[in-house]
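What follows is one structure encoded as structure tokens, with my remarks underneath.
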Amino acid sequence: MAAWSGRGGGALIPVVESGVVVSADQVSLGVLVTAVPREVIDPAVAACGVAAKRSDGKLPPHVVAYLTMAMCLFPDDDYEEVATKVTGSLSRFGCWNASWTVPTASGITQARKRLGPAVMSEVFEGVAAPVATSDTRGAWLRRWRLLAIDGFEVDLPDTPGNAGEFGYAGSGEHRSAFPKARVVALAECGTHVFLAAEAGSYAVGEKTLAQRLYPRLRDDELLTADRGFYSWEAWDLAARSGAALLWRAPAQLGLPVVQVLGDGTYLTILVNPKVRGAGRRRQILAAAEAGQDVHADEAHLVRVVEYDVPDREGNGAGELIVLLSTFTDPADAAADELAAAYHERWEEETANDQLKTHLRGPGRVLRSRLPELVHQEIWAWLSVHYALSVLIARAAEAADLDPDRISYSRVLRIARRTATGTAGFSPSGLD
């Protein structure tokens, strides 16, 4: 058995590939209760000032929080059906009084309004923590934990409130069919768990949302990012966090050669665009070439790794990848290590796919028709994904597998079946 002690404690039985037993008791709604315990929900409720006004109500805030997450687990079902499915599991974990009747849809809606938009954000922040251990495959470059940053869009019900709060993509004849929220998130590459996120209207760009995440980086982390996230201001802000950086450079970025290193990589400087004068720019470059320190307000010394990806499109044409790194000494990270680490950035694409295609369903919109409930649902959605990803990561570690080897869709199907108490399992594997 692989034990996982999360913020709320508890133990999880591993769910692994074919040939290994799956524990029904642990893969149910209990995954949510274990990964998102009352010890996190109650302080979030108190911090947001939405504690229950009645002690005998059947929809106290913590129950509403779990129901909101369960709605993300069962996106095809209406409120009452979701509540009917999961009250047994909630009762088993002490979150539901067996004497209560299943609430109506209108009752659940009113309870969600009372819970408000902020509690689930606080809950996610309270549980989302790094998961990879030293044994997790694809999670590290030496001592640095690999993270990626990426964004995605979320389709919302086409209501006046959602349209006003979030807006549409495009305009006129090219306007999107539904309002869209935009989410940018930091993900742990090896395990696909989202560690932090920012959500806003479609009009708020990915770079703007990302700026709010960079100060939260840690000095034991290595952030990978695609070229769309690069700007001098973004690099400066992320670098000041103390984290290591490995970003793809946009094609138009000028990279003067300061020093060619023994492994074929080279040092360059990224100059603040606010440094306007050509004379001052030449002085900064000359200082860097002489081995002198450059002031962080004006420039950053970085290492450039270039390599070819041949024939990606099948047309015989290669692609030049240009990476910028804070690892200026090849002894800290070899060029091939950095290229391999950047490739791990695509793990966040897997996390996004799990969230949007498997957990939510391809082409589906969120269920919330009010803007404040959209915000609530987005954070509940992220929390459910986190809980399932933690389970997969621990199972993979117990079986000495890469987490990619465990099917997210299979674990999701098991979680849905066991939440209703209807799952049957065979030691021969997952179906």
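Positions are given from 1 along the sequence. Scope of the values below: all heavy atoms of this structure, side chains included, with no hydrogens, waters or symmetry mates. Quick caveat, the model's predicted, so the values are computed rather than measured.
Below 30°, between 30° and 60°, or above 60°: for Phe194 and Phe152 the angle between ring planes is between 30° and 60°, a tilted geometry.
His62 and Asp42 share no donor-acceptor pair across their side chains, judged by distance under 3.5 Å alone. No hydrogens or angles considered: nothing links the side chains of Ser368 and Gln376 as a donor-acceptor pair under 3.5 Å.
The CG atom of Leu146 sits 10.0 Å away from the CD atom of Glu221 when rounded to the nearest 0.5 Å. The structure places CG of Leu373 at 10.0 Å from OG1 of Thr159, a figure rounded to the nearest 0.5 Å. Separating the CG atom in Leu412 from the NE2 atom in His358 is a distance of 8.5 Å, to the nearest 0.5 Å. Note that CZ of Arg416 and CZ of Arg413 are 9.5 Å apart. Values are rounded to the nearest 0.5 Å. In this structure, CG in Asp336 is found 9.0 Å from CG in Asp263, a value given to the nearest 0.5 Å. One finds the CZ atom of Arg145 at 8.0 Å from the OG1 atom of Thr136 (value rounded to the nearest 0.5 Å).
Within the 3.5 Å criterion, the main-chain N or O of Val193 finds no donor-acceptor partner in the side chain of Ser389. Listed for the Arg182 side chain is a donor-acceptor partner under 3.5 Å among the backbone atoms of Tyr202. Judged purely by atom type and a 3.5 angstrom limit, Asp402 has no side-chain atom pairing as donor or acceptor with the backbone of Arg405. Checking side-chain atoms of Glu372 against main-chain N and O of Gly116 turns up no donor-acceptor pair under 3.5 Å. Between the side chain of Arg112 and the backbone N or O of Thr68 there is no donor-acceptor pair closer than 3.5 Å.
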Checking side-chain contact (heavy atoms from CB on, under 4.5 Å) for the pair Glu347/Glu188: CA distance, chi angles, key distance, verdict?
CA-CA 8 Å; Glu347 293 296 319; Glu188 188 177 57; over 6 Å; no
Show, in sequence, the C-alpha distance, side-chain angles and deciding distance for Arg345 and Ile149, and conclude whether the side-chain contact (heavy atoms from CB on, under 4.5 Å) test is met.
CA-CA 8 Å; Arg345 188 192 70 80; Ile149 189 167; over 6 Å; no
Give the C-alpha distance, both sets of side-chain angles, the deciding distance and a yes or no for side-chain contact (heavy atoms from CB on, under 4.5 Å) between Glu344 and Thr224.
CA-CA 8 Å; Glu344 294 293 334; Thr224 62; over 6 Å; no
What's the verdict on side-chain contact (heavy atoms from CB on, under 4.5 Å) for Leu323 and Tyr307, showing C-alpha distance, side-chain angles and the deciding distance?
CA-CA 9 Å; Leu323 302 180; Tyr307 59 94; 3.6 Å; yes
Could you please spell out the steps behind the side chain to side chain donor-acceptor pair (under 3.5 Å) verdict for Arg303 and Thr265?
CA-CA 7 Å; Arg303 179 163 156 231; Thr265 63; 3.0 Å; yes
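A 6.0 Å sphere centred on CZ of Phe178 holds no more than 12 heavy atoms belonging to other residues, nucleotides or ligands.
Shown here for Leu147 and Leu217, the closest heavy-atom pair between the two residues is CD1-CD2, 4.0 Å.
Comment: Arg142 does not engage Asp332 in a salt bridge, judged by the lack of any side-chain N to carboxylate O separation of less than 4.0 angstrom. At a threshold of 4.0 Å, the pair Arg143-Asp219 does not count as salt-bridged, since none of the basic side-chain nitrogens sits closer than that to a carboxylate oxygen. Using a cutoff of 4.0 Å between basic side-chain nitrogens and carboxylate oxygens, Arg360 and Glu377 are scored as salt-bridged.
Side-chain atoms of Leu320 and Asp308, non-hydrogen and from C-beta on, do get closer than 4.5 Å to each other.
Side-chain rings of His174 and Tyr168 stay apart, their centers remaining 6.0 Å or farther from each other.
For the side chain to side chain donor-acceptor pair (under 3.5 Å) criterion with His192, the lone passing option out of Thr350, Asn352, Asp404 is Asp404. Exactly one of Leu255, Val305, Leu245 qualifies for a side chain to side chain contact (heavy atoms under 4.5 Å, CB included) with Leu324. That residue is Leu255. Partner of Trp235 under the ring-ring contact (aromatic ring centres under 6.0 Å, His included) criterion, chosen from Trp247, Phe229, Tyr214: Trp247.
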